[in-house]
Chemist: 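Here it is, the structure in full.
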Protein chains: 2
Amino acid sequence: MPKVSARAYSRYSLEAITLLGSLIRAARKERKMTAQELADRAGISRGLLQRIEKGDPKCELGATMEVATLVGVKLFDAEATSLTKHILQTEAKLALLPKSVRKKVKVADDDF
Amino acid sequence: MPKVSARAYSRYSLEAITLLGSLIRAARKERKMTAQELADRAGISRGLLQRIEKGDPKCELGATMEVATLVGVKLFDAEATSLTKHILQTEAKLALLPKSVRKKVKVADDDF
DNA sequence: ATTTAGTGGTTTATATATGGATCATAATGG
DNA sequence: CCATTATGATCCATATATAAACCACTAAAT
């Protein structure tokens with residue numbers, strides 16, 4: 001069964017994911033946690049944790065975030081309470097923007 | 001087919017994911033991009049983009065990161081070149097840590 | 001006011017990620 | 001040096017995320 005069309009990732013995306021994985025692994029070891037331990041606490045299998053630490057893009061966002069949180073790697077280095085505030089701010093900002101983005105029909109793309 | 005055991009996410013994880021989604025949506029609208037447009041550029045379906053923007057934890061990490069990158073939402077606010085450096089540093093740090101974490105056998109858990 | 005495009009929510013079929021088991025290797029602690 | 005355990009990798013069955021097509025609704029733009 002030949003793979004038909006893999007997904008394409010930008011350089012930045014791959015690097016960011018790789019970095020995230022490395023940070024998680026480093027953090028886990030600094031905390032002297034076994035891969036199995038961390039996997040258990042996160043409620044995932046050891047195999048999945050391996051892939052996360054390796055930087056595999058094809059992992060659940062939730063699982064990855066959960067693991068990261070458990071070892072203290074925060075994407076947005078802020079407390080949950082602070083995040084809530086941030087979310088609300090963003091939502092408010094969103095409310096100001098048009099509900100739907102309407103494209104000009106005739107005019108050529110002004111993208112470049 | 002009853003769902004047996006859903007995955008548990010910490011408060012922080014869910015909030016961080018929600019925030020990420022909101023930031024993406026806001027960024028997309030600021031750039032006056034259609035959901036379909038962004039989905040196409042990211043090589044994903046519009047439905048998936050909706051879930052990402054909504055903050056669904058069950059999405060590919062790669063797809064999410066890709067979309068975020070496309071609209072300029074950086075998890076690690078740094079250039080790719082800088083990320084590489086950061087990765088190398090982390091790897092180097094990792095090399096100093098023990099290859100495997102060994103648990104004490106007899107002694108009781110010192111977790112608390 | 002009317003038209004049209006964007007959005008949100010479905011459903012279904014398919015691709016695929018995940019869990020679990022297993023094996024080999026490596027490296028730690030005694 | 002030895003015993004033990006963490007790790008890395010692979011395989012398979014199954015759960016599930018994804019793409020695609022559809023619908024209804026909303027809200028831009030004329």
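Chain naming here is simple, since letters A, B, ... match the order of the sequence lines and numbering starts at 1 in each. Hydrogens, waters and symmetry mates play no part in the numbers below; they use all other heavy atoms, side chains included. Only a predicted model underlies this, so the values are computations on that prediction, with no experimental measurement involved.
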Chemist: Atom CG of B/Leu49 to atom P of C/dG9: distance rounded to whole Å?
Modeler: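 It is 13 Å, rounded to the nearest whole Å.
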Chemist: For the pair A/Arg28 (side chain) and A/Met33 (backbone), establish whether a donor and an acceptor sit closer than 3.5 Å, ignoring hydrogens and angles.
Modeler: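 Confirmed, A/Arg28 side chain pairs with A/Met33 backbone.
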Chemist: So for the helix from C/dA1-D/dT30 to C/dG30-D/dC1, with five pairs setting each end axis, what is the inter-axis angle to 10°?
Modeler: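 If I round to tens, the end axes sit 70° apart.
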Chemist: Would you indicate which nucleotide in D/dA19, D/dA28, C/dA27 comes nearest to any side-chain atom of B/Ile44?
Modeler: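 Out of D/dA19, D/dA28, C/dA27, the nucleotide with an atom closest to B/Ile44's side chain is D/dA19.
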Chemist: On DNA chain D, does the nearest nucleotide to A/Gly47 precede the nearest nucleotide to A/Val101 from the 5' side, or the other way round? Give the residue.
Modeler: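 Nearest-nucleotide comparison on DNA chain D picks A/Gly47.
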Chemist: Whole angstroms only, please: what is the CG-P distance between A/Leu97 and D/dT26?
Modeler: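 Rounding to the nearest Å, CG of A/Leu97 and P of D/dT26 are 20 Å apart.
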Chemist: Is it true that A/Glu15 and A/Tyr9 share a donor-acceptor pair across their side chains at a distance under 3.5 Å?
Modeler: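 No, because no side-chain N or O of A/Tyr9 sits under 3.5 Å from a partner of the opposite role on A/Glu15.
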Chemist: What distance do A/Glu66 atom CD and B/Tyr12 atom OH have between them, rounded to the nearest 0.5 Å?
Modeler: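 That separation rounds to 11.5 Å.
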Chemist: Would you mind reporting whether A/Arg7 and B/Ile44 have side-chain heavy atoms less than 4.5 Å apart?
Modeler: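 A side-chain contact exists here, since the closest heavy-atom pair is under 4.5 Å.
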Chemist: Can you list, by residue number, the residues of residues 8-32 of chain A that have a non-hydrogen atom closer than 4.0 angstrom to DNA chain D?
Modeler: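 Listed by number, they are A/Arg25, A/Arg28.
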Chemist: Would one find a side-chain N or O of A/Lys58 under 4.0 angstrom from OP1 or OP2 of C/dA17?
Modeler: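 Looking at the OP1 and OP2 atoms of C/dA17, one of them is under 4.0 Å from a side-chain N or O of A/Lys58.
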Chemist: Whether A/Arg51 contacts D/dT7 is assessed here as follows: a side-chain N or O lying under 4.0 Å from the phosphate OP1 or OP2. Is that the case?
Modeler: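 Looking at the OP1 and OP2 atoms of D/dT7, neither is under 4.0 Å from any side-chain N or O of A/Arg51.
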Chemist: Under a 4.5 Å cut-off applied to non-hydrogen side-chain atoms, are B/Leu23 and A/His86 in contact?
Modeler: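 Contact flag for B/Leu23/A/His86 side chains = yes.
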Chemist: Apply the test side-chain hydrogen bond (donor to acceptor under 3.5 Å, both in side chains) to residues B/Glu91 and A/Ser22: give CA-CA distance (whole Å), side-chain angles for both, the deciding distance (0.1 Å), then the verdict.
Modeler: CA-CA 7 Å; B/Glu91 300 291 0; A/Ser22 296; 3.1 Å; yes
Chemist: Picking from C/dG8, C/dT7, C/dA27, which would you name as closest to the side chain of A/Ser100?
Modeler: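 Between C/dG8, C/dT7, C/dA27, the one nearest the side chain of A/Ser100 would be C/dT7.
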